Amino acid sequence: MTSNPLVLHVVGARPNMMKIAPIMKAMSELGRCSQLLVHTGQHYDFEMSEVFIQDLRMPYPDIRLEVGSASHAVQTAQIMIAFEQVLIHHQPTLVCVVGDVNSTLACTLVAAKLHIPVAHVEAGLRSNNRRMPEEINRIVTDSISDILFTTERQSAENLTREGISVSKIHFVGNVMVDSLLSHRELSRKSKVLERFRLRSGHYGLVTLHRPDNVDNRDRFMDWINKLGRLSYDLPILFPVHPRTQKRIDEGNLNTVLASYPGISLSRPLGYLDFLHAMANAQLVMTDSGGIQEETTALGIPCLTLREETERPITVLEGTNVVIGNDPSRLLAEAYQILCGNGKTGRIPELWDGHAATRIAQILDRFVGSIH
Ligand code: UD1
C-alpha cells in the first residue's frame with residue numbers, strides 16, 4: 001500500500017474536544033498519518049460544540065453524523081448505524097476515541113466488529129458505580145480496545161483486574177492538561193470576570209449536570225438552596241448545562257434561583273472563558289469528571305458533588321474533595337476553603353503538557369507496524 005495510514009478520530013460531546021485537539025496536532029507534526037475527524041453530533045448546540053472547535057483552534061470535523069439527543073439506546077444505536085458507513089467507506093487503519101460518553105462506546109463497538117483497531121484515550125478510570133452510564137461506557141470500551149492510554153497509574157490496575165493484558169496499556173499522562181496548559185495564556189484575554197462582575201479569587205464556580213444531582217427535583221432544589229446560602233458570602237457563577245436547564249424549566253426552579261442574587265446564571269461557557277473562570281475562582285464545585293482534573297492541574301480547590309470519583313489521583317494528590325451527593329456537607333466544606341484551609345495539592349505524574357506527544361509516538365509506531 002502506498003497511501004498514508006489513516007487515523008480516524010471521534011468527538012461527540014463537549015468533553016471530547018479538548019482531548020482530541022492536542023492528539024491531532026501532535027500526530028500531524030509527526031506527519032506519517034492522514035487524519036479525519038468525525039463529530040457524532042451527540043452535542044450540537046453552539047455552546048456545547050462549535051465554540052470548542054474555535055477556542056481550541058482544532059480542525060473542523062470532516063464528517064458529521066448529526067445524531068442529536070435521544071435515549072441512551074437510540075442515541076448509541078444511531079451513532080453506530082451512521083459510523084459503520086463511515087468506516088466501510090474510509091477503511092481507516094485505526095480509530096481513536098476518548099473519554100466515556102455514548103459516542104465513545106458506540107464508535108468503539110462498530111470499529112471492533114469491523115476488525116479495525118481502536119485506541120482509547122483516558123482508559124481504565126473506574127467509579128465502581130454502574131448506575132452511571134459513563135461507567136458502562138468505560139468498561140465496554142476498554143474491554144474491546146486494542147491500545148489503552150491511561151492518565152494515572154491506578155488505571156492499569158483497574159484494567160488488569162478486568163483481564164486486560166498489560167501489553168495494551170500505556171501510561172501517558174493527561175491530554176486534557178495538554179490543552180489546558182497550551183491555552184492558559186490565551187484564556188487570560190477572556191472578559192468573563194468583567195461580564196459577571198466577579199473579582200479574581202473571590203467567587204465560586206459551579207457546574208452540575210449528572211442525573212443523580214439534577215433529575216430529582218428535591219435534591220436539585222436542596223443543592224440550589226445550599227449554593228444560595230453560600231452565595232451570601234461568596235458570589236457564585238453557574239454556567240448551566242442544557243440538561244440542567246431543562247430540569248430547571250420543568251421543575252419551575254427559575255424562581256428559586258432568582259431569589260439568590262449572589263448566583264449568576266449563564267449559558268454554557270466556551271473553553272477559554274471557562275478556563276479563565278476556573279483559574280481565578282476561590283473554589284470550584286462540580287459533578288463533572290474533567291473539571292476535577294483541570295482544577296488539580298490549576299491548583300484550585302474543588303468540591304466534587306458526587307458519591308465517588310473515577311479520578312482518585314485528584315483526591316490523593318490534587319485539590320479535590322469528594323463530598324458525596326448529600327447537599328448538607330457542602331457548606332461546611334466550602335467554608336473550610338473560604339477560611340484558607342483548601343487543599344493545595346501537587347501536579348500528578350506526567351500531567352506535564354506532553355501526553356499527546358507520547359500518544360502520537362505510540363500510535364505512529366502502531367500504525368507503522370500494521371499498515
Ligand atoms: C454527556 C456525557 C457525559 C458528559 C457530558 C458533558 C454520556 C452518557 N454522557 O452527558 O459523560 O459529562 O456529556 O456535557 O455520553 N443537550 C442540548 N444541547 C446539546 C447537547 C445536549 O440541549 O448540545 C441536551 C439533550 O437534549 C439532552 C441532554 O442535554 O436532553 C443530555 O445530553 P446527552 O448528550 O444525552 O448527555 P449529557 O447529559 O450532556
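One-based numbering, in listed order, for ligands and for the atoms of each. These values consider heavy atoms only, across backbone and side chains, with no hydrogens, waters or symmetry-generated copies. Nothing here was measured: the structure is a model prediction, and the numbers come from that model.
Side-chain contact check for Ser155 and Thr150: no donor-acceptor pair (N or O, by modelled atom type) lies under 3.5 Å. Between the side chains of Asn174 and Thr151, not a single donor N or O lies within less than 3.5 Å of an accepting N or O. Side-chain contact check for Thr108 and His120: no donor-acceptor pair (N or O, by modelled atom type) lies under 3.5 Å. For the residue pair Asn158 / Glu162, no side-chain donor-acceptor distance below 3.5 Å is found, with atom types taken as modelled. Side chains of Gln336 and Asn341: a donor-acceptor N/O pair is present below 3.5 angstrom, by distance only.
Less than 4.0 angstrom separates some heavy atom of Lys246 from each of these atoms of ligand 1: 24 (C), 25 (C), 26 (O), 27 (C), 30 (O). Atoms of ligand 1 lying under 4.0 Å from at least one heavy atom of Asp100, given by number and element, are 11 (O). Taking every non-hydrogen atom of Met48 and a distance limit under 4.0 Å, the qualifying atoms of ligand 1 come out as 14 (O), 19 (C), 23 (O). Heavy-atom contacts of His209 reach the following atoms of ligand 1: 4 (C), 5 (C), 6 (C), 12 (O) (cutoff under 4.0 Å).
With respect to atom 25 (C) of ligand 1, the closest heavy atom belonging to the protein is Ser69 OG, 2.9 Å. From the protein, the heavy atom lying nearest to atom 22 (O) of ligand 1 is Pro242 CB, 3.1 Å. In terms of protein heavy atoms, atom 21 (C) of ligand 1 is closest to His43 CD2, 3.8 Å.
Residue Pro15 holds the heavy atom nearest to atom 6 (C) of ligand 1 of all those in Pro15, Ser71, Gly290. Distances from atom 2 (C) of ligand 1 to the heavy atoms of Val101, Asp287, Asp45 put Val101 nearest. Nearest to atom 3 (C) of ligand 1 by heavy-atom distance, out of His72, Glu50, Glu134, Arg247, is Glu134.
None of Val315, Val284, Ile291 except one satisfies the side-chain contact (heavy atoms from CB on, under 4.5 Å) rule with Asn320; the exception is Val315.
Using a 4.0 Å cut-off between heavy atoms, Arg210 contacts ligand 1 through its side chain alone, with no backbone atom that close. Heavy atoms from both the backbone and the side chain of Arg243 come within less than 4.0 Å of ligand 1. No part of Glu47 comes within 4.0 Å of ligand 1, judged by heavy-atom distances.
At least one N/O-N/O distance between Asn102 and ligand 1 falls below 3.5 Å.
Residues satisfying the ring pair (Phe, Tyr, Trp, His ring centres under 6.0 Å) criterion with His183, sequence neighbours excluded, are Tyr271. In this structure Asp215 satisfies the side chain to side chain donor-acceptor pair (under 3.5 Å) test together with Arg243, Arg247, sequence neighbours excluded.
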Discussion item. Show, in sequence, the C-alpha distance, side-chain angles and deciding distance for Leu303 and Ile337, and conclude whether the side-chain contact (heavy atoms from CB on, under 4.5 Å) test is met.
Written reply: CA-CA 10 Å; Leu303 298 179; Ile337 296 169; 3.9 Å; yes
